[in-house]
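Have a look at the structure below, then the notes.
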Amino acid sequence: VWTEGRKIASLGIHVKQWVTLHGFAINVDADLGWFDAIVPCGLQDVTMTSIARELGETTRTLSAEVRALVVAACATQFGLRARMVALAELLPEE
């Protein structure tokens with residue numbers, strides 16, 4: 001996903017032996033210096049950016065705002081109700 005010629009997010013899918021894996025990544029307020037050590041998505045000469053950089057934001061509340069928007073959009077898209085759960089609820093019982 002690009003904005004003004006800079007890469008801000010990635011969407012991916014992997015298919016192997018009839019199994020699909022998919023996901024996405026959004027650079028919200030990342031340390032973009034780490035991208036200097038890799039070739040993002042195999043594309044040479046890519047300038048990476050983030051929502052924070054594009055908006056000129058300097059606060060850390062942006063991550064929570066984006067997380068809430070992504071959760072709400074996914075819940076709406078899949079007809080679900082989003083709710084907070086404790087990590088312990090997600091772990092298998094011993």
Side-chain angles (χ1 to χ4, degrees):
V1 178
W2 302 79
T3 180
E4 303 293 327
R6 294 175 295 279
K7 192 166 185 351
I8 196 166
S10 298
L11 306 169
I13 185 167
H14 174 80
V15 180
K16 184 176 180 180
Q17 298 178 352
W18 300 97
V19 176
T20 60
L21 304 171
H22 54 277
F24 69 97
I26 303 170
N27 296 328
V28 177
D29 191 15
D31 176 356
L32 299 172
W34 290 103
F35 288 106
D36 295 339
I38 65 169
V39 179
C41 296
L43 302 171
Q44 295 289 334
D45 301 319
V46 170
T47 300
M48 298 299 294
T49 192
S50 66
I51 294 173
R53 178 178 280 177
E54 295 300 314
L55 296 178
E57 295 283 331
T58 58
T59 65
R60 290 289 177 182
T61 61
L62 188 58
S63 292
E65 293 173 35
V66 171
R67 182 182 306 112
L69 289 170
V70 169
V71 167
C74 287
T76 299
Q77 182 66 35
F78 295 109
L80 302 171
R81 181 179 57 85
R83 65 183 179 92
M84 295 291 291
V85 297
L87 179 58
E89 289 183 58
L90 301 175
L91 299 175
E93 293 183 26
E94 292 186 28

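In what follows, residues are counted from 1 in the order of the sequence shown.
With values rounded to the nearest 0.5 angstrom, Leu69 atom CG is found 9.5 Å from Ile26 atom CD1.
Members clustered with Val15: Ile13, by chain and number, using a 4.5 Å side-chain heavy-atom cutoff among hydrophobic residues. Grouped with Leu80 in one hydrophobic cluster are Phe78, the linkage being side-chain heavy-atom contacts under 4.5 Å among Ile, Leu, Val, Met, Phe, Trp and Tyr residues.
Between the side chain of Lys16 and the main chain of Trp18, no donor-acceptor pair closer than 3.5 Å is present.
Contacts of Ala82 classified as side chain to side chain contact (heavy atoms under 4.5 Å, CB included), with partners at least two apart in sequence or in another chain: Val71, Ala75. Residues forming a side chain to side chain contact (heavy atoms under 4.5 Å, CB included) with Glu4 (at least two apart in sequence, or on another chain): Arg6. Judged as a side chain to side chain contact (heavy atoms under 4.5 Å, CB included), and not counting sequence neighbours, the contacts of Leu11 are Val1, Phe24.
Note: the hydrophobic cluster containing Ile8 also contains Leu55 (ILVMFWY, side chain heavy atoms under 4.5 Å, direct or indirect links).
Looking at Glu89 and Leu87, their side chains never come closer than 4.5 Å, going by heavy atoms from C-beta outward.
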Per-pair distances, 0.1 Å, donor-acceptor, side chain in residues 31-52, under 3.5 Å, sequence neighbours excluded:
unit_1: Asp31; atom_1: OD1; unit_2: Gly33; atom_2: N; d: 3.0
unit_1: Asp31; atom_1: OD2; unit_2: Trp34; atom_2: NE1; d: 3.4
unit_1: Thr49; atom_1: OG1; unit_2: Glu54; atom_2: OE2; d: 2.5
unit_1: Ser50; atom_1: OG; unit_2: Arg53; atom_2: N; d: 3.0

